[in-house]
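Index from 1, following the sequence. Both backbone and side-chain heavy atoms feed into the values below; hydrogens, waters and symmetry mates do not.
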Amino acid sequence: MSKKCSILTSRNCSKVLDGYNYNVNLINSLSEGKLTFDEEGLEELFKEAVANEIEFTTEYKKTNTYIIAVPTPYLKDSKKLDPQYVISAINSVLKVCEKGAVLIIESTITPGTIDKYIRPEIEKRGHKIGEDIHLVHAPERIIPGNLIYELEHNSRTIGADSYELGNKVKGLYSHFCKGEIVVTDIRSAEMSKVVENTYRDINIAFANELAKICRSDNMDVYEIIKIANKHPRVNILQPGPGVGGHCISVDPWFLVGDYPGLTNLILTARKINDSMPRHVLGRIRDIMREHDIRDISKVGLYGLTYKDNVDDTRESPTLQLLERMDEHLAFGVKVFDPLVKTRIVDHQFMNFEDFINEIEILVIMAGHDHIKNNMEIIKDKLILDTKNVCTFDGVYKL
């Protein structure tokens with residue numbers, strides 16, 4: 001069978017003929033027909049891919065087009081991109097790919113990453129870029145919880161060394177993408193994705209700083225935002241307990257690391273958003289003092305995921321909060337999340353009613369539909385609602 005397209009990814013399932021990953025457990029699960037996370041529409045797409053004879057393997061195969069979607073973390077000290085996973089994937093592809101193969105990098109990378117890290121890896125193997133190997137950057141634009149819809153309907157950016165190559169890849173993506181597909185140069189494509197997530201981080205930081213200002217002077221930040229947003233050119237986001245996930249909480253650091261003297265606003269926004277778990281900890285302390293509660297084990301955190309109604313815990317504000325508590329020797333706080341089916345932290349409950357019965361203070365860290373549907377059960381608790389989901393009065397807010 002002629003292989004048309006291959007994909008390397010950390011959470012991969014797509015309408016292609018081969019899916020590669022070094023995670024043997026993931027490959028085994030997919031090969032057995034078992035998905036490893038929930039997403040509306042994914043099961044149907046997966047069954048269709050299996051019917052089309054998709055193969056999952058840890059062994060790279062020879063083909064002419066590869067889509068690379070591996071993690072791109074940042075280095076904690078310098079805040080710069082850590083390119084090790086992308087470089088590793090590229091080198092693995094170069095060992096087996098056909099001459100003239102197209103390598104499409106979907107991972108979010110900082111401007112200049114392909115010039116600085118990827119081109120040298122290809123050239124030192126004796127390949128000529130543009131002839132032996134063709135490079136494209138097509139940054140992903142999807143969000144957990146709405147992945148399949150956004151994969152189909154969001155606009156896409158194709159960054160390539162030539163418009164001829166860009167339009168060729170555009171033709172490939174147009175098979176599944178109904179949104180506008182823009183062809184540009186590689187550095188513009190790299191920068192555009194980082195800018196998108198940085199823009200959102202800054203807007204979230206403004207809302208979070210408003211929450212702190214309003215808290216200091218006993219004002220209702222949610223009422224103020226609601227009124228301000230009636231202006232036709234104002235759209236303030238909602239404050240929250242922090243920013244998580246592998247995009248908004250990570251990508252702005254790439255710019256801070258690469259342009260340290262030019263990113264004052266971006267750096268400040270990152271610091272504000274990273275400070276929110278500590279702000280929540282302060283609010284918990286205030287409530288405990290007000291009600292003379294001295295036992296931290298009477299506090300329960302609802303929500304371990306970074307986003308409402310998804311099971312993704314990467315960079316979760318709750319995990320950040322637990323880390324802050326650990327620094328202050330505040331052990332024993334209880335945790336529950338209906339979407340997290342395995343125990344990943346200490347004192348994590350798997351049954352909601354058992355969790356509620358063991359606590360006096362409930363801190364809502366995620367606005368899952370589950371908690372919205374269980375308001376009657378939690379009414380008699382002291383509630384810190386960091387997501388503004390409670391439908392009754394008498395709760396504490398950010």
Handout entry: Side-chain (Ser31) to main-chain (Asn28) donor-acceptor, under 3.5 angstrom
Key = no
Exercise for the section: Find out if a path of hydrophobic residues (ILVMFWY) with successive side-chain heavy-atom gaps under 4.5 Å connects Tyr149 to Leu147. Expected result: no
Handout entry: Salt bridge flag under 4.0 Å for residues Asp132 and Lys128
Key = no
Problem - Polar side-chain atom of Asn273 near backbone of Asp201 as donor-acceptor pair, under 3.5 Å - result: yes
Practice task
Check whether any side-chain N or O of Glu152 sits under 3.5 Å from a backbone N or O of Phe176 as a donor-acceptor pair, and report yes or no.
Solution key: no
Handout entry: Under 3.5 Å donor-acceptor, Asn167 side chain and Lys170 backbone
Key = no
Exercise for the section: Check whether any side-chain N or O of His368 sits under 3.5 Å from a backbone N or O of Asn309 as a donor-acceptor pair, and report yes or no. Expected result: yes
Problem - Donor-acceptor contact below 3.5 Å, side chain Glu140 vs main chain Ile142 - result: yes
Practice task
List, by chain and number, the other hydrophobic cluster members for Tyr306, where Ile, Leu, Val, Met, Phe, Trp and Tyr join if side-chain heavy atoms come within less than 4.5 Å, directly or indirectly.
Solution key: none
Exercise for the section: May I ask you to decide if Ala189's main-chain N or O and Thr157's side chain share a donor-acceptor pair within less than 3.5 Å? Expected result: no
Fill in the blank from the handout: Looking only at heavy atoms, the pair that brings Asp337 and Leu304 closest together is OD2-N, 2.5 Å
Exercise for the section: Mark yes or no for whether Asn154, through its side chain, and Arg141, through its backbone, hold a donor-acceptor pair below 3.5 Å. Expected result: yes
Exercise for the section: State plainly whether the residues Arg187 and Asp185 are in salt-bridge range, i.e. N to O under 4.0 Å. Expected result: no
Practice task
Without swapping roles, check the side chain of Lys341 against the backbone of Pro338 for a donor-acceptor pair under 3.5 Å.
Solution key: yes
Completion exercise
With Asp274 as partner, the option from Lys271, Arg278, Arg270 fulfilling side chain to side chain donor-acceptor pair (under 3.5 Å) is Arg270
Practice task
Salt-bridge test for Lys47 and Glu43: reply yes if a basic N is under 4.0 Å from a carboxylate O, no otherwise.
Solution key: yes
Handout entry: Residues clustered with Ile359, ILVMFWY side-chain links under 4.5 angstrom
Key = Tyr302, Phe336, Phe349, Phe352, Phe355, Ile356, Leu362, Ile364, Ile371, Met375, Ile377, Ile378, Ile383, Val389, Phe392, Val395
Exercise for the section: Each residue besides Ile248 in its hydrophobic cluster should be listed here, by chain and number; the cluster joins Ile, Leu, Val, Met, Phe, Trp and Tyr at side-chain heavy-atom distances under 4.5 Å. Expected result: Ile204, Leu237, Val243
Handout entry: Note: Lys193-Glu190 ion pair, threshold 4.0 Å (strictly below)
Key = no
Exercise for the section: Mark yes or no for whether Asp217, through its side chain, and Ile213, through its backbone, hold a donor-acceptor pair below 3.5 Å. Expected result: no
Exercise for the section: Salt-bridge test for Glu223 and Lys226: reply yes if a basic N is under 4.0 Å from a carboxylate O, no otherwise. Expected result: yes
Exercise for the section: List the atom of Pro317, the atom of Pro241, and the distance in Å for their closest heavy-atom pair. Expected result: CB-O, 3.8 Å
Exercise for the section: Check the pair Ile87, Asn91 against side-chain contact (heavy atoms from CB on, under 4.5 Å), reporting the backbone distance first and the verdict last. Expected result: CA-CA 6 Å; Ile87 292 174; Asn91 280 318; 3.5 Å; yes
Handout entry: Lys/Arg N to Asp/Glu carboxylate O, Arg119 vs Asp161, below 4.0 Å
Key = yes
Problem - Within 45° cone of Tyr222 ring axis and under 6.0 Å: Lys397 NZ or CZ - result: yes
Exercise for the section: Applying side chain to side chain contact (heavy atoms under 4.5 Å, CB included) between Ile361 and each of Lys298, Lys381, Met288, report the one that passes. Expected result: Met288
